A.B. asks: 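Quick one: structure below, then a few questions.
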Amino acid sequence: MSLYKKRLKLVKGEGVYVWDENGNKYLDAIAGIGVAILGHSNEELASAINEQMKKLVVAGPMFHHEEKDEALEELSRFLSFEYAYFGNSGTEAVEAALKFARLYTGKKEIIAMTKAFHGRTFGSLSATWKKKYREGFEPLVPGFKHIPFNNVEAAKDAITKETAAVIVEPIQGEGGIIPAKAEFIKTLRDLTQDNGALLIVDEVQSAFRSGKFLAIEHYKIQPDIVTMGKGLANGIPIGLTLTNFDVPRGKHGSTFGGNPLACKAMETTLKILRREKLIEKAEEKSISIEGDKVIMTRGKGLMLGILLKENAGKYVEKLQERGLLVNTAGNKVIRLLPPLIITKEQMLWVKETIEGVLNG
Ligand SMILES: *Cc1c(COP(=O)(O)O)cnc(C)c1O
């Protein structure tokens, strides 16, 4: 347990704030790595989950229940896909997407991007780029290759009739909050289509935050498979894989996936998002950080990365001392994934605090 000794121990949360064991208050601008989109301890969500606990907690994948219908109906107000497969995490959503792509196309090759992050189970890990996450776990799943992110020519060379799927984050998260270029996404869409391959868009981190429900909506293309997780049920574990083709019954499944409790949490989370227009408001609350140590602020809306000229790690600790929780994405990027309920004033305080620490 000594591993965790030095870490900040959080004991409660309310709205955009969390408290540690010594009663210190922090503005949580990372929200459990982009999970608590409605903030902490949302009362409406808490009571919905509470009621659900007393009504029906589990049904099992062989039964149907109204909470699933209601969650999917709420989802359909934001986007339209024909089929939805539930899991319990982002990596499971990606595993399902990769399996479905091979099943549907009858092909094996999966193309992923440099700096990509898709999760830590074997399939997702095989699509993930970073050596540190892969090392020691080889052999990974065969059939995966990586091409340079945002490089149109490399995509043209790599995508062939052998390709089953291309997987991409519209805004790379873990890799450093790097938005995909429009021309790159368009190339991936055109070439997958021409070669009988599927385009998988991993929205586990980028959903809800960019000013659109899915970040891929900015690119005006239709992906074949979308994966979601993180904020979808505001902290209740969930993963979701969306397709427009059916997968034979029994080919894929999950004991906990799509349970009534998670579905209720998802439905309630989406209902609040819609009612409070939190997605529409994300862009006007965005900030940009200025200063000598800053190369640029990138990302969109409330998914932001501050690219520094130096390592970002030490600033995470300094910001914590000033009551602001953030984390890094790659070595030189400070990552902000605040709750979407944050106010413009609070975001301006975040800006001031970061600039104060960087320039002080
Ligand atoms: C976090 C993340 C995952 C993995 O999600 P887990 O819930 O940690 O398994 C997959 N893809 C992206 C883009 C992510 O940011």
Side-chain angles (χ1 to χ4, degrees), residues 30-37 85-101 110-130 132-134 137 140-141 144 146 149-150 165-180 185 188 199-210 212-219 223 225-242 254 256-259 262 265-266 269 298-305 326-330 333 335-338:
I30 193 63
I33 316 199
V35 172
I37 55 179
Y85 301 87
F86 283 92
N88 312 287
S89 62
T91 198
E92 282 176 69
V94 172
E95 291 289 337
L98 298 170
K99 286 173 69 181
F100 297 170
I110 312 280
I111 296 175
M113 305 299 147
T114 54
K115 294 200 172 176
F117 184 84
H118 298 294
R120 295 166 185 271
T121 51
F122 271 112
S124 308
L125 186 61
S126 305
T128 289
W129 167 252
K130 207 172 174 179
K132 181 178 136 191
Y133 297 151
R134 301 163 59 97
F137 300 121
L140 300 182
V141 179
F144 285 72
H146 288 86
F149 183 59
N150 272 338
V166 174
I167 182 165
V168 66
E169 298 157 85
I171 304 172
Q172 286 193 327
E174 189 78 20
I177 315 291
I178 312 170
I185 293 290
L188 297 183
L199 182 60
I200 303 169
V201 170
D202 184 352
E203 294 267 5
V204 170
Q205 193 163 151
S206 53
F208 319 119
R209 314 193 143 268
S210 72
K212 304 271 190 197
F213 187 78
L214 297 180
I216 197 67
E217 292 171 40
H218 294 285
Y219 298 86
I225 304 181
V226 167
T227 56
M228 300 184 76
K230 288 201 163 90
L232 186 58
N234 205 59
I236 297 293
I238 196 164
L240 192 63
T241 308
L242 301 167
S254 160
F256 293 122
N259 68 75
M266 168 178 155
T269 300
R298 60 191 179 191
K300 223 168 166 33
L302 294 175
M303 179 173 183
L304 296 171
V326 300
N327 82 340
T328 56
V333 175
R335 170 162 47 173
L336 305 179
L337 300 170

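Here the structure is a predicted model, which means the values were calculated and not measured. All ligand and atom numbering here is 1-based and tracks the order in the structure.
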A.B. asks: Regarding E174 and R335, does a basic nitrogen lie under 4.0 Å from an acidic carboxylate oxygen?
C.D. replies: yes
A.B. asks: If I compare all heavy atoms of T114 with all of Q172, which pair ends up nearest, and what's the gap?
C.D. replies: O-NE2, 3.0 Å
A.B. asks: Which of the atoms of ligand 1 are close to T91, meaning less than 4.0 Å from one of its heavy atoms?
C.D. replies: 4 (C), 5 (O), 6 (P), 9 (O)
A.B. asks: For G90, counting its heavy atoms only, list the atoms of ligand 1 lying under 4.0 Å from any of them.
C.D. replies: 4 (C), 5 (O), 6 (P), 7 (O), 9 (O)
A.B. asks: With a cut-off of 4.0 Å, which atoms of ligand 1 are near a heavy atom of D202?
C.D. replies: 10 (C), 11 (N), 12 (C), 13 (C)
A.B. asks: Does a donor on one side chain and an acceptor on the other come within less than 3.5 Å for T227 and T241?
C.D. replies: no
A.B. asks: Closest non-hydrogen protein atom to atom 14 (C) of ligand 1, residue and atom name please, with distance?
C.D. replies: K230 NZ, 2.9 Å
A.B. asks: Which ligand 1 atoms does H118 reach within 4.0 Å, using its non-hydrogen atoms?
C.D. replies: 10 (C), 11 (N)
A.B. asks: Of the backbone atoms (N, CA, C, O) and the side-chain heavy atoms from C-beta on, which set of E174 has a member under 4.0 Å from an atom of ligand 1: side chain, backbone, both, or neither?
C.D. replies: neither
A.B. asks: Within ligand 1, which atoms have a heavy atom of E169 less than 4.0 Å away?
C.D. replies: 13 (C)
A.B. asks: Would you say OH of Y133 has more than 12 non-hydrogen atoms from neighbouring residues, nucleotides or ligands within 6.0 angstrom?
C.D. replies: yes
A.B. asks: For the residue pair I177 and G299, what are the closest heavy atoms and their distance?
C.D. replies: CG2-CA, 3.7 Å
A.B. asks: How long is the span from the CZ atom in F122 to the CZ atom in F137, to the nearest 0.5 Å?
C.D. replies: 7.5 Å
